[in-house]
Every structure is written in structure tokens, then in C-alpha cells.
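Taking it in order: structure first as C-alpha cells, then the write-up.
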2 protein chains.
Amino acid sequence: MKIGELALAAQCTVETVRYYEREGLLAAPARTSANYRSYGASHLERLRFIRNCRALDMAHDEIRALLVLAEQPASDCHGVNHLLDEHIAHVNTRIAELTQLKSQLDELRRRCQHEQPVEACGILKGLALMEPETRKEKHTHLG
Amino acid sequence: MKIGELALAAQCTVETVRYYEREGLLAAPARTSANYRSYGASHLERLRFIRNCRALDMAHDEIRALLVLAEQPASDCHGVNHLLDEHIAHVNTRIAELTQLKSQLDELRRRCQHEQPVEACGILKGLALMEPETRKEKHTHLG
DNA sequence: GCTTGACCCTACAGTAGCTATAGGGTTTTC
DNA sequence: GAAAACCCTATAGCTACTGTAGGGTCAAGC
């Protein structure tokens with residue numbers, strides 16, 4: 001299988017496949033005499049796995065860890081479960097942050113119901129007068 | 001005011017202030033004879049405005065647009081209101097995406113309630129077998 | 001046999017919003 | 001007068017790609 005076929009089968013771009021190889025997520029395949037990458041079924045399986053993890057917004061580090069765990073078929077899957085729990089916690093954290101943000105934004109929006117001169121706009125006043133918060137550290141990789 | 005004092009007053013780092021200057025968000029201040037940046041009250045006001053916008057997860061482009069609008073005090077604030085509405089829409093979109101993600105993750109998590117050998121783990125099976133989705137474009141700048 | 005177009009290759013720059021580092025100079029405090 | 005605390009510029013790094021430049025390869029049609 002050439003790289004274009006692989007990318008198509010996994011619903012991603014050729015550039016993304018080459019990027020994953022550079023990142024060490026996907027093993028480097030054999031090359032043809034013309035130096036074209038030549039993939040087998042196992043590459044597609046792994047790429048699909050990676051893309052599915054990405055569709056769930058997992059970070060590359062999380063995926064790398066999962067792949068390592070998956071490569072020891074006989075050991076127990078506690079690590080896998082734990083990793084997923086932590087990822088779910090990231091998502092929950094980010095949802096909570098955004099929900100809080102939304103209520104702040106809704107409150108701000110209510111300060112200017114009608115069009116008026118910019119100098120009287122309640123939104124701009126609000127943005128000028130909010131107390132700057134100490135920047136909180138990120139607890140998730142979700143932006 | 002020196003850069004360290006300004007940064008402290010606006011609850012951000014010195015590096016961030018210099019970065020905003022390079023980005024054109026914050027005007028370049030006068031310099032002392034030792035080439036130190038020397039800020040006045042208007043710089044602090046503007047920096048606070050920017051930090052408050054960032055606390056609400058606005059992108060630099062959105063902030064730049066707001067600053068331009070705010071600089072025409074006599075014109076009406078329709079543009080400001082519209083910009084905020086669009087930003088609120090971004091946040092709503094991202095909350096919806098993450099909520100959908102969460103339900104997918106919860107479903108996946110339910111597939112492995114007990115520790116078992118990795119090769120039998122329902123989570124790993126799920127990740128291997130999900131259908132790869134066509135990557136959807138981003139409609140928000142929120143990650 | 002030759003061209004055209006679709007595919008492949010490497011290497012590198014760009015995205016967003018910072019953060020960190022190297023390698024210097026200045027000012028303040030003891 | 002020395003050390004700590006501050007300032008300066010320039011540059012690289014972070015994440016997960018995307019896009020570009022400048023090439024090589026291959027199959028089909030004339």
C-alpha cells in the first residue's frame with residue numbers, strides 16, 4: 001500500500017502520516033526501489049487506532065502511552081483504564097472551564113442591549129474594568 | 001513604570017508584555033537612557049483590557065478588532081456587540097463538541113469495567129474498531 | 001517515444017499564544 | 001564594591017499539524 005492509499009483508508013492526509021512517522025507514533029515502513037513508502041495491514045490498523053484516539057482529542061503523549069500498554073498483551077489493562085479516566089477528567093475540566101466562561105460572557109453581553117456610542121458601551125466598560133485574574137495553569141491539553 | 005511593575009499590575013509576565021508589543025497589541029512605550037521600557041497609565045489600561053479579553057479566551061485577532069472599534073468613541077457599538085456574540089457562539093460550539101466527546105468517552109469507558117489482560121480490554125478493542133471520521137474543520141479558535 | 005498529470009520524496013516555514021533560554025547590560029541594596 | 005534583582009535582544013521550543021519549494025517516479029494516452 002502506498003502512502004496515499006493508507007491516508008485515504010484512515011481518513012487523514014499524507015502529510016499527517018509522514019508527520020506521525022517523524023513523531024515516532026507510526027513505525028517507518030519498508031521502501032520500494034523508488035524510495036516510496038510501502039505499508040502493510042498492521043500499519044493501517046495502527047494508524048486507525050491513532051486517528052481514533054485523536055478523534056477523541058487525546059494528546060500524542062497519551063496515545064504513545066496507550067500504544068506501549070497495548071503492546072504487552074498479557075499484562076492487565078489497569079493502565080489503559082487509568083489513562084482513559086484521566087483523559088475523561090481533562091475533558092470534564094475543560095467543559096467546566098468553558099461553562100464558567102460562558103456565564104461570564106453572557107453577563108458581559110447583557111451590559112449592552114442597544115446600540116449606542118462606543119464610549120458608552122457597557123461591554124467595553126466591562127472589559128476595561130474586570131479585575132485581571134492571576135493566570136491559571138493549564139490542567140488539560142485541550143485548548 | 002518599568003515593565004516588571006506593569007506586568008505585576010496586569011497579572012501577567014514580562015515576556016508576555018514584550019510579546020504583545022511585538023504583536024502590535026500594545027504600543028511601544030518610551031525608553032529610558034538605559035533603553036528600559038517606560039510605561040504610563042494608558043499602557044496599563046490597555047494591557048488590562050487585553051488580559052481581560054484573554055481571560056475570556058478571545059483570540060488576538062478578536063482583541064485587535066475590539067481595540068480598533070474602541071478607538072472610535074463616537075461611532076456606535078454595533079460592531080462590539082456583534083464581535084462578542086460571535087465569540088459566545090465559538091464558546092457554545094466548543095462546549096457542544098466537548099459534551100459530545102464526553103459521551104463517546106463515557107461509552108468507551110464502560111466497555112472495560114474490570115481489569116483483564118490487555119488483549120481482552122474492551123477499551124483497546126473500541127479504539128481499534130471505531131470508524132475513522134473525516135476530520136472536521138475547526139469553527140472556533142478554542143482548542 | 002514523449003508528454004501530461006497524478007503521485008511520491010525531503011526539508012523547511014508557518015500557525016497561536018505564549019514560555020524559556022542564552023548572553024549580555026543596569027540598578028539597587030547591603 | 002559586589003551580589004541580587006532587574007532590564008535588554010534574539011532565538012528556540014511547545015502542539016499537532018498544514019503548506020510550500022523543489023525536486024523524482026509512474027501510468028496512460030498520442
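Being a predicted model, the structure only gives us computed values, none of them experimental. So that the names make sense, note that chain A is the first sequence line, chain B the second, and so on, each numbered from 1. All values below were derived from every heavy atom in this structure, side-chain atoms included, with hydrogens, water molecules and symmetry-related copies excluded.
Taking OH from A:Tyr20 and CG from A:Leu26, the interatomic distance works out to 9.5 Å, rounded to the nearest 0.5 Å. Interatomic distance, CG of B:Asn92 versus NE2 of B:His87, reported as 10.0 Å (0.5 Å rounding).
Nucleotide D:dT15 holds its P atom 21 Å from the NE2 atom of B:His141, rounded to whole Å. Rounded to an integer number of Å, the gap from CD of B:Glu15 to P of C:dC18 is 12 Å. When rounded to the nearest whole Å, the span between CD of A:Glu62 and P of D:dT15 equals 12 Å. Atom NZ in B:Lys2 sits about 5 Å away from atom P in C:dT28, given to the nearest Å. Distance A:Arg31 CZ to D:dC26 C1': 17 Å, rounded to the nearest Å. The interatomic distance linking B:Glu23 (CD) with C:dT15 (C1') rounds to 11 Å, in whole Å. Between the P atom of D:dC17 and the CE atom of A:Met58 lies a distance of 13 Å, rounded to the nearest Å. If you measure from atom CZ of A:Arg22 to atom P of C:dA13, you get 13 Å, rounded to the nearest angstrom.
Looking at the side chain of B:Tyr20, the nearest of the listed nucleotides C:dC18, D:dA16, C:dT19 is C:dC18. Distances from the side chain of B:Thr16 to the nucleotides C:dG17, C:dT19, D:dA16 place C:dT19 closest. Side-chain proximity of A:Tyr36 to the nucleotides D:dC26, D:dT18, C:dC18 is greatest for D:dC26. Considering only side-chain atoms of B:Ala59, the nucleotide from C:dG17, C:dT19, D:dC7 that sits closest is C:dG17.
An OP1 or OP2 oxygen of D:dA16 is reached within less than 4.0 angstrom by no side-chain nitrogen or oxygen of A:Arg18. Contact annotation: B:Thr13 does not reach the phosphate of C:dC18 (side-chain N/O to OP1 or OP2, under 4.0 Å).
Using modelled atom types, one side-chain atom of B:Glu5 and one backbone atom of B:Lys2 make a donor-acceptor pair closer than 3.5 Å.
Contact annotation for A:Arg37: backbone-only contact, meaning every heavy-atom pair under 4.0 Å involves sugar-phosphate atoms and none involves a base. Contacts of A:His60 with the nucleic acid, taken as non-hydrogen atoms under 4.0 Å apart, involve only primed sugar atoms and P, OP1 or OP2.
For B:Ser38 and A:Asp61, each mapped to the nucleotide of DNA chain D holding its nearest heavy atom, the one lying further toward the 5' end belongs to B:Ser38.
Ring planes of B:His78 and B:His82: parallel class, angle under 30° (limits at 30 and 60°). Classified by interplanar angle (parallel below 30°, tilted 30° to 60°, perpendicular above 60°), the ring pair A:His60/A:Tyr19 is tilted.
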